[in-house]
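Position 1 is the first residue of the sequence; numbering continues from there. Keep in mind it's a predicted model, so treat the numbers as computed, not measured.
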Amino acid sequence: VEFRRHMDETDRPAYTLAVVDMMLRWTDPAPDMEVPPLEIIEEGFYTAGLRCCRKLREKGVRCLIFTALDPAKIPLGRGENFEIVNKSSGYNAIVEKIKQLL
């Protein structure tokens, strides 16, 4: 929730690359939890990382998704292309990918 608000209020973040976990939750469950937007209900509560990457891309920030999921099962939209590193590849793989992207 806070990320979406921040992105809506920011013209351009101060960073050029974000490493994002695919399975971020929409928010922590709470009695006074906001009703999630329709896209969250449709796409699932545990794919917030993908939605964060979309928002970041709109602001000109490159994204690297670091996930335990099989990259083939990530619900990308038509024409979407994100850099993805599987967690089973280890931390050296993500460090090398970050170096490559920067």
Side-chain angles (χ1 to χ4, degrees):
V1 175
E2 291 84 14
F3 174 82
R4 289 172 68 97
R5 285 189 189 121
H6 175 72
M7 283 291 105
D8 289 342
E9 296 169 0
T10 303
D11 289 331
R12 178 152 172 97
Y15 39 87
T16 58
L17 176 69
V19 178
V20 181
D21 190 306
M22 175 67 192
M23 293 173 44
L24 296 171
R25 292 190 310 233
W26 155 245
T27 188
D28 290 320
D32 59 346
M33 186 171 94
E34 291 180 34
V35 176
L38 183 60
E39 69 178 313
I40 290 157
I41 294 169
E42 290 174 349
E43 291 181 9
F45 286 82
Y46 287 91
T47 56
L50 183 57
R51 290 187 295 274
C52 289
C53 285
R54 289 176 182 142
K55 286 276 190 194
L56 287 161
R57 181 176 275 173
E58 289 172 9
K59 301 290 182 171
V61 177
R62 297 175 81 178
C63 289
L64 174 57
I65 297 174
F66 193 47
T67 184
L69 295 176
D70 175 354
K73 295 185 178 179
I74 293 176
L76 297 175
R78 183 179 309 175
E80 281 187 321
N81 182 23
F82 290 102
E83 298 286 343
I84 301 170
V85 174
N86 192 280
K87 287 182 179 180
S88 66
S89 300
Y91 290 103
N92 287 339
I94 194 163
V95 169
E96 288 305 313
K97 182 55 92 170
I98 291 169
K99 287 179 185 177
Q100 177 187 5
L101 292 172
L102 293 176

Check for a donor-acceptor pair, side chain of Asn86 on one end and backbone N or O of Pro71 on the other, with a separation under 3.5 Å. no
Can any side-chain N or O of Lys97 pair as donor or acceptor with the backbone N or O of Glu83 at less than 3.5 Å? no
Just wondering, more than 12 heavy atoms not from Asn92 lying within 6.0 Å of its CG? no
Closest non-hydrogen contact found for Met22 with Leu69 is CG-CD1, 3.5 Å
Hey, what do you get for [atom1] ([X]) to [atom2] ([Y]), rounding to the nearest 0.5 Å?
X	Y	atom1	atom2	answer
Asn81	Cys63	CG	SG	12.0 Å
Thr16	Leu101	OG1	CG	9.5 Å
Tyr15	Leu56	OH	CG	5.5 Å
Ile94	Ser89	CD1	OG	9.5 Å

On the six-membered ring of Phe82, is Arg57 placed so that its NZ or CZ lies under 6.0 angstrom from the centre and within 45° of the ring axis? yes
hydrophobic_cluster_shared for Leu17 and Val85, side chain cutoff 4.5 Å: yes
Could you tell me if the side chain of Val20 sits less than 4.5 Å from the side chain of Leu64, heavy atoms only? no
Test side-chain contact (heavy atoms from CB on, under 4.5 Å) on Asp21 and Lys87; report intermediate values, then the result. CA-CA 10 Å; Asp21 190 306; Lys87 287 182 179 180; 2.5 Å; yes
How far apart are the C-alpha atoms of Ile84 and Thr67, what are their side-chain angles, what is the distance that settles it, and do they pass the side-chain contact (heavy atoms from CB on, under 4.5 Å) test? CA-CA 7 Å; Ile84 301 170; Thr67 184; 4.0 Å; yes
